[in-house]
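Take a look at the structure set out below.
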Number of protein chains: 2
Amino acid sequence: MPSLDRTSPIPLYHQLKQALMARLKQGEFRPDRPMPTETELMRTYRVSRITVRQAMQALEQDGLIYRVPGRGTFAKEPKISRRLTRLSSFSQDMQERNVRVASRLLDFRQEPANGAVAEKLDLAPESPVWFIRRLRLADGGPVAVNLSYVRLPRGQSITVAELETAGSLWALLEEKEAQPVEADQTLEAIAAQPELAKLLDLPVGAPILLVEGVVYTRWGVPVEYFQVFNRGDRYKFVLHRTR
Amino acid sequence: MPSLDRTSPIPLYHQLKQALMARLKQGEFRPDRPMPTETELMRTYRVSRITVRQAMQALEQDGLIYRVPGRGTFAKEPKISRRLTRLSSFSQDMQERNVRVASRLLDFRQEPANGAVAEKLDLAPESPVWFIRRLRLADGGPVAVNLSYVRLPRGQSITVAELETAGSLWALLEEKEAQPVEADQTLEAIAAQPELAKLLDLPVGAPILLVEGVVYTRWGVPVEYFQVFNRGDRYKFVLHRTR
DNA sequence: AAGTGGTCTAGACCACCTC
DNA sequence: AGGTGGTCTAGACCACTTG
């Protein structure tokens with residue numbers, strides 16, 4: 001019944017993955033119960049085994065199913081955390097957690113990159129970069145301060161208006177032909193300094209989860225260097241790791 | 001010249017991946033310079049294209065290369081962080097960072113699981129679990145306190161001696177037919193409580209990076225629930241994320 | 001026009017598990 | 001014995017980039 005669209009530009013294995021995710025979400029496959037076998041899926045969706053396996057591999061990667069040689073494929077207990085393995089922005093993150101969020105723009109300007117930033121973005125020192133500083137609010141209260149240094153393809157530029165209409169920085173970057181697909185990041189616990197404490201409405205010295213990193217496009221070009229100072233008491237970083 | 005062993009039980013694509021990783025490590029392929037094409041690799045290693053692609057996909061996943069349709073495959077700037085995407089234990093982690101580490105066993109006993117632990121490990125409350133508490137030292141100073149609650153397959157058991165000879169808990173778990181392959185974990189910043197502060201040689205209220213999670217076997221069975229309290233000033237969590 | 005990676009097919013053998 | 005997922009082959013078409 002749920003046939004795939006062979007005229008669509010979307011790969012078959014991706015359509016199949018989406019279809020199976022929908023069925024998983026609906027609870028059609030119970031946790032730890034066998035899912036349809038690869039052969040069955042080949043028949044019902046009329047695709048080759050390799051295509052089925054590409055879809056299943058993606059689902060396993062996302063932690064939605066597990067496979068046991070000789071036995072079969074099984075659905076996993078649904079968990080919110082599972083989907084967060086992927087690279088996701090603050091807006092996406094919060095949306096998935098069903099939190100009402102807002103952003104207050106504190107700074108927005110083009111400026112010459114200092115040494116550290118230039119190195120992270122693989123630029124010559126003093127090259128122009130966009131600097132964006134935002135206060136993140138969830139359910140009305142401050143949760144984080146976000147610093148972004150953005151490097152755009154030559155000739156491209158961004159405006160405050162664009163950032164606001166796009167909804168998120170990453171959505172905007174996609175439009176600018178600089179879609180982020182991977183990131184190196186570090187997480188550490190630090191104590192809040194006075195300025196930060198004031199912005200986040202915390203006592204000086206309160207624990208802060210600092211997430212810092214560089215985001216790359218598909219071609220390995222760095223587009224953004226960011227620092228996010230999260231209130232320790234209001235933010236948890238969720239992660240699903242596979243071998 | 002670097003032929004693959006077809007009699008080996010190790011999959012060809014994995015052998016090929018290892019071979020290419022070795023060549024990358026040696027610096028044979030310069031960053032952002034084209035690597036051999038898939039067709040070339042098919043010829044030189046005498047394998048099919050799918051096998052080549054399986055190997056390349058794994059390398060891309062690990063962040064060692066990137067591929068551009070229509071152009072080719074390219075080596076990436078080598079980074080230490082890249083390899084830490086994988087699931088790794090404290091011992092592995094530190095070894096890769098070239099830090100001399102030691103572990104002091106604080107507690108080791110079998111005890112009935114309380115409600116929270118039982119739920120994480122998917123056990124009935126009061127089921128017996130092993131409780132291990134360790135102080136982690138790097139270069140002589142304390143860096144973390146590690147709490148592990150371990151669930152073993154029926155009939156299996158562990159001893160202090162085994163833990164010490166195996167070197168790490170995970171190495172031991174592999175022997176016990178409970179190899180960890182994936183984990184759900186959360187990271188947050190908290191303030192050090194008095195007992196913890198004393199163990200880690202910190203003032204009360206100092207920032208701590210708490211990493212907490214459940215580790216699963218290949219079959220989706222939880223084996224370990226852990227809490228690691230890391231000194232904020234001596235520990236950074238490094239991560240490479242892909243879309 | 002030629003070459004690249006992205007996708008897809010049909011078919012095959014294997015180790016392993018269940019019956 | 002039959003079914004499962006894991007691996008591997010040979011071949012094909014496509015969109016895209018490069019000369």
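Throughout, protein chains are lettered first and strands after them, A, B, ... in sequence-line order, and every chain is numbered starting at 1. Note that this is a predicted model, so its numbers are computed, not measured.
- A heavy-atom distance below 4.5 Å is found between the side chains of B:S148 and B:L169.
- Partners of A:E188 under the salt bridge (Lys or Arg N to Asp or Glu O under 4.0 Å) rule, at least two apart in sequence or in another chain, are B:K236.
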Which atom pairs link the protein and nucleotides 15-19 of chain D when you take only N or O atoms and keep those under 3.5 Å?
unit_1: D:dT18; atom_1: OP1; unit_2: B:R71; atom_2: NE; d: 3.0

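- Going from atom CE of A:M21 over to atom NZ of A:K17 covers 5.5 Å, rounded to the nearest 0.5 Å.
- Between B:P36 and A:V52, the residue anchored nearer the 5' end of DNA chain C, judged by the nucleotide with its closest heavy atom, is B:P36.
- Look at CZ on A:R67: it is 16 Å from C1' on D:dG3, rounded to the nearest Å.
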Between the protein and nucleotides 10-12 of chain C, are there any N/O to N/O pairs under 3.5 Å, and if so, what are the atom names and distances?
unit_1: C:dA12; atom_1: N6; unit_2: A:R49; atom_2: NH1; d: 3.2

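- Picking from C:dG5, D:dG6, D:dT4 the nucleotide with the shortest atom distance to the side chain of A:E38 gives D:dG6.
- The closest side-chain heavy-atom distance from B:T73 to B:L59 is not below 4.5 Å.
- Side-chain N/O atoms of B:R53 include one lying less than 4.0 angstrom from OP1 or OP2 on C:dG6.
- Look at CG on B:L59: it is 13 Å from P on C:dG5, rounded to the nearest Å.
- Ranking C:dG5, C:dC8, D:dT9 by closeness to the A:T51 side chain, first place goes to C:dC8.
- Distance, A:L16 CG to C:dC8 C1': 13 Å, rounded to whole Å.
- With a 4.5 Å cut-off on side-chain heavy atoms, A:R53 and A:R67 count as touching.
- Checked against side chain to side chain donor-acceptor pair (under 3.5 Å), B:R134 has no partners two or more places apart in sequence or in another chain.
- B:L41 places a side-chain heavy atom less than 4.5 Å from the side chain of B:L20.
- Residues meeting the salt bridge (Lys or Arg N to Asp or Glu O under 4.0 Å) test with A:E40, sequence neighbours left out: none.
- Remark: B:A113 pairs with B:V117, B:A118, B:V129 by the side-chain contact (heavy atoms from CB on, under 4.5 Å) rule, at least two apart or across chains.
- One interatomic measurement links the two molecules: CD of A:E60 to P of D:dT4, which rounds to 17 Å at whole-angstrom precision.
- Phosphate proximity of D:dG5 to A:T73: present, with a side-chain N or O under 4.0 Å from OP1 or OP2.
- Note: CG (A:L41) to C1' (C:dC8) measures 16 Å, nearest angstrom.
- Atom CE in A:M56 sits roughly 10 Å away from atom C1' in D:dG5 (whole-Å rounding).
- B:Y45 places its OH atom 20 Å from the P atom of D:dT7, with the value rounded to the nearest Å.
- If you measure from atom CZ of B:R43 to atom C1' of C:dG3, you get 12 Å, rounded to the nearest angstrom.
- Residue B:Y13 places none of its side-chain N or O atoms closer than 4.0 Å to OP1 or OP2 of D:dC8.
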